[in-house]
Amino acid sequence: MTSSLRLRAGLVSIVLLAAFLGIWHLATRSSGTVAAMSPEYAKLMGLTATQGKSAMPGPLDVGAKLWEHLRRPFYDNGPNDKGLGIQLGFSIARVGTGYLLAVLVAIPLGFLIGMSPLLSKALDPFIQVLKPISPLAWMPLALYTIKDSSISAIFVIFICSIWPMLLNTVFGVASVRKEWINVARTLEVGTLRRAFTVILPAAAPTILTGMRISIGIAWLVIVAAEMLVGGTGIGYFVWNEWNNLSITNVIIAILLIGIVGMLLDQILARFTRMVTFPE
Amino acid sequence: MTDKFISIEGIAKRYPGAGGGTTAVFENLWLSMPRGEFCCVIGHSGCGKTTVLNILAGLDAPSEGAVIVDGQAISGTSLDRAVIFQSHALLPWRTVLGNVAYAVTSKWRSWDRAKVKEHAQTFIDLVGLTGSEHKRPSELSGGMKQRVGIARALSITPKIMLMDEPFSALDALTRGTLQDEVRRICLETGQTAFMITHDVDEAIYLADKIFLMTNGPGAVLAEVVENPLPKDRGRTDLHRHPLYYALRNHIVDFLVSRSKNFAAEKPDHDPRNVPVVLIGKPGLTIAADAKPEPPRETSWPGLSRPSTSS
C-alpha cells in the first residue's frame with residue numbers, strides 16, 4: 001500500500017515536471033518575427049532580434065548551460081568569473097560559520113534562560129524586540145563596526161539564526177515534563193547531571209526543530225546578504241549574472257539555491273529524527 | 001504505635017487564596033508509621049493526599065510542621081525515599097535497563113558499568129520483565145511501564161517506597177497482577193511503603209493500616225483503620241474473610257458520607273491522637289455494628305495460626 005502510494009506519487013511528480021518543462025519550452029519558442037536589418041547591424045544585435053528567439057531562455061538552454069557548469073564547477077577565472085561550486089562553497093561556508101556561532105551562543109543561553117524563570121521574564125522584552133528585526137537591517141551597523149564585508153555577512157547570518165534556536169531552546173527546556181524533573185530530584189541527581197541526562201534529551205527535539213528553522217532562515221538570508229556585500233557567494237553570483245543579463249545563469253542559480261536549501265533542511269531533519277523519542 | 005519510623009508532625013499546606021487570604025489544604029496533620037508496614041491513604045480528590053506524599057518524598061515542603069524519617073527531619077528529596085509515580089514517569093529516550101540503571105548510578109556513583117547493569121538486571125528480573133531490558137518505554141504496555149517504575153524505585157533499595165496511585169491508570173486485570181507483585185515484594189523485603197489510592201479493595205488487600213482522610217480544603221486525618229485480615233491473605237479469597245465486609249463497609253461509609261460531615265460530627269477531634277479503629281475487636285462500637293457473614297468455605301490458613309502481623 002505504502003510502496004504503491006509512493007510509486008503513484010512519484011509518477012504524478014514526474015508528470016507535473018514534464019508538463020512544467022513542456023509549457024516552459026512552448027512558451028519560450030521563437031516568435032518568428034525578425035526585423036529586416038543589415039548584416040553589419042545584425043552582428044551587434046542578439047539572437048532575439050536576428051532570429052526571433054525568445055528573450056527568456058527555454059529549458060533546453062538552461063539544461064545545456066547547467067551541464068556546462070556541472071562539468072566545471074570549480075574553475076576560477078578571476079573575481080567575476082568563478083565556478084558555481086566555488087560560489088556555493090563560499091555561501092555554505094558563511095552560513096556554516098554564522099550558524100555554528102549562533103548554535104554555540106543560543107543553546108547554552110537558552111538553557112540558562114529556560115531553567116531560570118527570572119532570567120526568562122527579564123530577557124523576554126529584549127528578545128521580543130530583537131527577534132522581528134530583519135537581519136539585513138543589521139548590515140550597515142555591522143559594516144560600520146566590523147569594517148569587513150565578509151565578516152559582516154557572517155554576523156548577519158549569526159543574528160538571524162540565533163532567534164529561533166534561542167526561543168526553541170528556552171521553550172524546550174522550560175517545558176520539560178515535571179515528572180521527569182521529579183524523577184531526577186528523587187534520585188538526588190545534581191543540577192549539572194540533571195541538565196545533561198534529563199533536560200537535554202527531553203528538550204533535544206524542540207531544540208533541533210529550532211535549529212532546523214534557523215538553517216532555513218540563514219540560507220534565505222545569505223543570498224540577500226551576499227547581494228549586498230558582493231565579491232563571492234551564490235547571492236553575488238545571482239546579482240552579477242543579472243548585471244550580465246544572463247537570465248540562464250540566474251535560473252540555474254535559483255535552482256541550485258533551492259537544492260542546497262533542501263539538502264541543509266534534510267540534514268537537520270535527520271538529526272531531529274535521531275534525537276526524537278516516541279512516547 | 002511506639003515505633004515511629006516515619007512521623008509526620010503537625011504539617012500544614014497552605015496556598016495563597018483569592019482575595020489575599022490563604023487556603024489550607026490541610027492543617028496540623030499528624031501521622032506515624034512503624035518500620036516494615038504497608039500503609040494506604042484513602043480520601044476523595046482534593047483532600048491533599050498527593051501533597052502529603054510529595055512532602056514525604058521531599059518534592060514539596062510543608063508550610064508548617066516537620067516530617068521525621070528514621071529519627072531525622074527530612075529536608076528535600078532523598079535516595080532513601082523512592083517514589084513510584086502515577087504516570088510511571090519513565091524517561092522515554094532510555095531503555096528499560098537504561099531507566100533502572102539511571103537510578104542505580106544515581107545512588108552508587110562509583111560503580112562500574114557491569115556492576116550497575118547486573119544490579120539493575122536483578123530488579124528487572126524481580127518485577128518479571130526479563131527479556132524486555134532493551135525495549136523503550138513506548139514499546140511497553142501500561143502495566144509493563146509501571147513494572148519498570150517499580151523496579152526503578154526498588155533498585156535503589158530505599159527505606160521507604162512512596163506510591164501515588166500507582167495502578168490507577170491500569171486496567172483491572174493488570175492492576176490485580178501488579179498488586180500481587182507489589183505485595184509479594186514488600187512482604188519478601190520487609191519494605192516500608194506508603195501508598196495513595198482511591199480503590200478500597202486495593203487498600204484492603206495491600207495495607208496493614210489504612211488512613212482515612214476527610215474532604216479538603218481543611219482536610220484532617222479522621223481515623224486509622226487497622227487491617228484485621230491476616231498477613232498471608234490472597235487476592236482471590238479476600239472477600240471470604242469474616243471481617244472483610246465489616247472493614248469494607250466501614251471504609252465505604254466513611255468515603256460516602258462521613259468524609260463530608262466529619263468536622264460537624266466530631267468537633268472534638270484531636271489531630272494528634274487520631275482514633276485507631278480495630279475492626280472485629282470487642283469493645284469497639286464499630287465492630288458491634290458490623291454483622292460479618294458467617295465464614296463459608298474459607299481457605300484461610302492465617303486464621304488458625306497466631307497472627308504474624310505486628
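Computed from a predicted structure; not experimentally measured. By convention in this document, chain letters (A, B, ...) are assigned in the order of the sequence lines, proteins followed by strands, and residues within each chain are numbered from 1.
The environment of B/Lys117 atom NZ is sparse: at most 12 non-hydrogen atoms of other residues, nucleotides or ligands sit within 6.0 angstrom. Remark: A/Phe90 CZ is loosely packed, at most 12 non-hydrogen atoms of other residues, nucleotides or ligands lying under 6.0 Å away. The 12-atom threshold is exceeded at CZ of A/Phe277, counting heavy atoms of other residues, nucleotides or ligands nearer than 6.0 Å. Annotation for A/Leu17: atom CG counts as buried by contact number, over 12 foreign heavy atoms lying within 6.0 Å. Around atom CD of B/Gln72, no more than 12 heavy atoms belonging to other residues, nucleotides or ligands sit under 6.0 Å away.
Looking at B/Leu90, only its backbone comes within 4.5 Å of chain A, counting heavy atoms on both sides. In this structure, no portion of A/Thr276 lies under 4.5 Å from any heavy atom of chain B. For a residue to count as touching a neighbouring chain, one of its non-hydrogen atoms must lie under 4.5 Å from one of that chain's; by this rule A/Ala204 does not touch chain B. Contacts between A/Val198 and chain B at a heavy-atom distance below 4.5 Å involve backbone atoms as well as side-chain atoms.
Using modelled atom types, no side-chain atom of A/Thr186 and backbone atom of B/Ala82 make a donor-acceptor pair closer than 3.5 Å.
For the pair B/Thr77 and A/Glu188, the minimum side-chain heavy-atom distance is below 4.5 Å.
The aromatic rings of A/Trp180 and B/Trp93 sit perpendicular to each other, their planes meeting at more than 60°, with 30° as the lower class boundary.
Contact count against chain A (heavy-atom pairs under 4.5 Å) is highest for B/Ser87 among B/Ala57, B/Ser87, B/Gly76, B/Gly58.
Nearest approach of B/Leu59 to A/Arg185, heavy atoms of both residues: O-NH2, 3.1 Å. Across all their heavy atoms, B/Ser106 and A/Arg193 have their closest contact at OG-NH1, 3.1 Å.
Considering OH of B/Tyr102 and OG1 of A/Thr197, their distance stands at 2.5 Å, rounded to 0.5 Å.
Among residues 122-156 of chain B, the residues having any heavy atom closer than 4.5 Å to a heavy atom of chain A are, in sequence order, B/Ser138, B/Arg152, B/Ile156.
Every residue was checked against the ring pair (Phe, Tyr, Trp, His ring centres under 6.0 Å) condition with A/Trp138, not counting sequence neighbours, and none meets it.
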